[in-house]
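Some notes on the structure that comes next.
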Amino acid sequence: MPELPEVETVRLGLEPAMVGARIDKVELRRPDIRFPFPPRFRQRLEGRRIVKLGRRAKYLLFHLDSGETLIAHLGMSGSFRIEDATPGAFYHERSKDPKHDHVLFHLDNGRVVTFNDPRRFGFMDLVGKGGLDAHPRLKDLGAEPLAADFDAHLLAKLFQGSRAPLKSALLDQRKIAGLGNIYVCEALFRAGLSPLKQAGVLSDARGRPTRAATAVAEAIRNVLEEAIEAGGSTLRDHRQTNGELGYFQHVFKVYDREGQPCLRERCRGVVARTVQSGRSTFYCAICQH
DNA sequence: AACACCCCCTGTCGGC
DNA sequence: TGCCGACAGGGGGTGT
């Protein structure tokens with residue numbers, strides 16, 4: 001379940017294996033995942049060195065020495081794994097079922113990096129020099145929640161006058177980019193705010209941040225940083241690049257806890273589930289208002 | 001502009 | 001045991 005912390009965990013896992021390495025060979029096991037691979041995909045990658053591994057929201061950015069950048073999105077079920085080219089080495093559970101291994105990068109350092117994505121909601125694209133910010137998938141992305149300027153003032157500006165529910169507003173990647181269903185639920189729980197409340201409550205009439213905005217800004221930053229620190233969370237099958245499960249799932253306070261007791265100190269509430277814009281929302285109606 | 005709704009695809013889980 | 005529907009981390013497109 002790749003939201004920002006999981007993508008960042010993947011980036012950190014791939015970085016030591018990939019940065020500085022040359023891509024000797026690319027194996028494409030199918031012509032498309034969510035979208036077709038771009039023209040001459042293999043040729044544009046083979047022989048290139050990876051000079052830097054970046055991230056924008058939930059997108060991984062592999063910067064190449066050709067000046068082009070490989071953009072990768074994990075969708076719902078995408079993952080990367082790193083293996084030694086020596087047969088058998090680091091051969092963990094998932095690789096026993098190669099059905100959904102769609103792209104393999106053979107590197108000059110002897111490693112093979114494999115992109116696996118059962119649901120194929122992920123995608124890859126290549127973009128030329130200077131075209132990154134104009135890429136259709138990146139150009140409308142909003143604020144990076146871990147950037148230095150992400151604070152209550154920014155939230156107040158973004159949501160002034162918004163009548164959208166907080167849950168939907170925080171999921172809107174054009175406003176804030178990188179939060180997904182889990183971390184929005186968790187952040188609102190930490191902030192003690194109901195997901196049903198209008199996003200405009202983060203701003204006063206003059207566009208200045210309310211106390212709620214301060215709480216939300218801090219909750220978002222804290223929950224993301226803690227999740228990254230823990231190596232990303234795991235639902236069902238998400239794994240880190242070394243095949244290990246993330247740990248953050250063990251500290252979800254509301255997500256996927258419908259009917260279970262609220263974990264806030266002294267709160268007697270029970271976690272409720274509702275649906276907002278087609279996605280499950282989990283919250284405690286007693287301590288989130 | 002801002003919703004709601006459906007779709008993409010595969011796997012898993014609970015109920016019968 | 002098997003079948004069937006509901007649902008899952010994301011996000012794009014369409015229609016109101």
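Any value given below was found using the heavy atoms of this structure, including those in side chains, with hydrogens, waters and symmetry copies removed. First the proteins, then the strands, lettered A, B, ... as listed; each starts at 1.
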Do A:Tyr59 and A:Leu70 share a hydrophobic cluster, counting only Ile, Leu, Val, Met, Phe, Trp and Tyr and linking them when any side-chain heavy atoms are less than 4.5 Å apart?
no
Interatomic distance at C1', C:dG10 relative to B:dA1, whole Å:
23 Å
Counting just side-chain N and O atoms, does A:Arg120 come under 4.0 Å of either OP1 or OP2 of B:dC8?
no
Got a second to check how far A:Cys262's SG is from A:Ile286's CD1, nearest 0.5 Å?
8.5 Å
Range-with-range stems of DNA chain B (Watson-Crick or G-U pairs under 3.5 Å, three or more in a row):
B:2-8 with C:10-16, B:10-16 with C:2-8
Atom CG of A:Asp140 and atom P of B:dA2: how far apart are they, to the nearest Å?
13 Å
Please indicate yes or no: is the ring centre of A:Phe121 less than 5.5 Å from the centre of the six-membered base ring of B:dC8, with the two planes inclined by under 30 degrees?
yes
Parallel, tilted or perpendicular for A:His100 and A:His102, by the 30°/60° rule?
perpendicular
Report the distance from atom CZ of A:Arg279 to atom P of C:dC7, rounded to the nearest whole Å.
14 Å
A:Lys175 side chain: which of B:dC9, B:dA2, C:dA8 is closest?
B:dA2
With nearest nucleotide decided by heavy atoms, which residue, A:Lys58 or A:Phe282, maps closer to the 5′ end of DNA chain C?
A:Phe282
To the closest 0.5 Å, what do you measure between CD (A:Glu226) and CZ (A:Arg221)?
13.0 Å
Are A:His73 and C:dG11 close enough that a side-chain N or O sits under 4.0 Å from OP1 or OP2?
yes
Say we look at C:dG2 and B:dC9: how far apart would their P atoms be, to the nearest angstrom?
27 Å
Can you run down the side-chain hydrogen bond (donor to acceptor under 3.5 Å, both in side chains) pairs that involve residues 15-26 of chain A, sequence neighbours left out, and say none if there aren't any?
A:Arg11-A:Glu15, A:Arg22-A:Asp24
With a distance cut-off below 6.0 Å to the six-membered ring centre and an angular limit of 45° from the axis, does A:Arg264 pair with A:Phe189 as a cation-pi contact?
yes
Anything under 30° is parallel, anything over 60° is perpendicular, the rest tilted; go ahead and classify A:Phe252 against A:Tyr183.
perpendicular
Kindly give the atom pairs (protein nitrogen or oxygen, nucleotide nitrogen or oxygen) under 3.5 Å for nucleotides 12-16 of chain C.
{"residue": "C:dG12", "atom": "O4'", "partner": "A:Arg34", "partner atom": "NH2", "Å": "3.2"}

Using whole Å, what does the distance between atom P of nucleotide C:dC7 and atom CE of A:Met76 come to?
13 Å
Rounded to the nearest Å, what distance is computed from the OH atom of residue A:Tyr183 to the P atom of nucleotide C:dG10?
10 Å
Counting only side-chain N and O atoms of A:His100, is one of them less than 4.0 Å from OP1 or OP2 of B:dC9?
no
Just compare C:dG11, B:dT10, C:dG10 and give me whichever is closest to any side-chain atom of A:Gln173.
C:dG11
Find the distance A:Leu170:CG to C:dG10:P and express it as a whole number of Å.
13 Å
All ring pair (Phe, Tyr, Trp, His ring centres under 6.0 Å) counterparts of A:Phe105, not counting sequence neighbours:
none
Rounded to the Å, how far apart are A:Met124 CE and C:dG10 C1'?
16 Å
Heteroatom pairs (N/O) under 3.5 angstrom, protein to nucleotides 3-5 of chain B:
{"residue": "B:dC3", "atom": "OP1", "partner": "A:Ala164", "partner atom": "N", "Å": "2.6"}

Nearest heavy-atom pair of A:Arg120 and A:Ser77: which atoms, and what distance?
N-OG, 4.2 Å
Return no unless some side-chain N or O of A:Lys99 is found under 4.0 Å from OP1 or OP2 of B:dT10.
no
Distance, P atom - from B:dC8 to C:dC3, rounded to whole angstrom:
24 Å
Any chance you could measure A:Ile33, atom CD1, to A:Asp117, atom CG, to the nearest 0.5 Å?
6.0 Å
A:Val51 side chain near A:Phe62 side chain, heavy-atom distance below 4.5 Å
no
4.5 Å side-chain heavy-atom contact, A:Leu4 and A:Ile228:
yes
Qualifying side-chain hydrogen bond (donor to acceptor under 3.5 Å, both in side chains) pairs, either residue in residues 125-136 of chain A, two or more places apart
A:Asp125-A:His135
Nearest-Å distance for atom pair CG/P, residues A:Leu179 and C:dG10:
10 Å
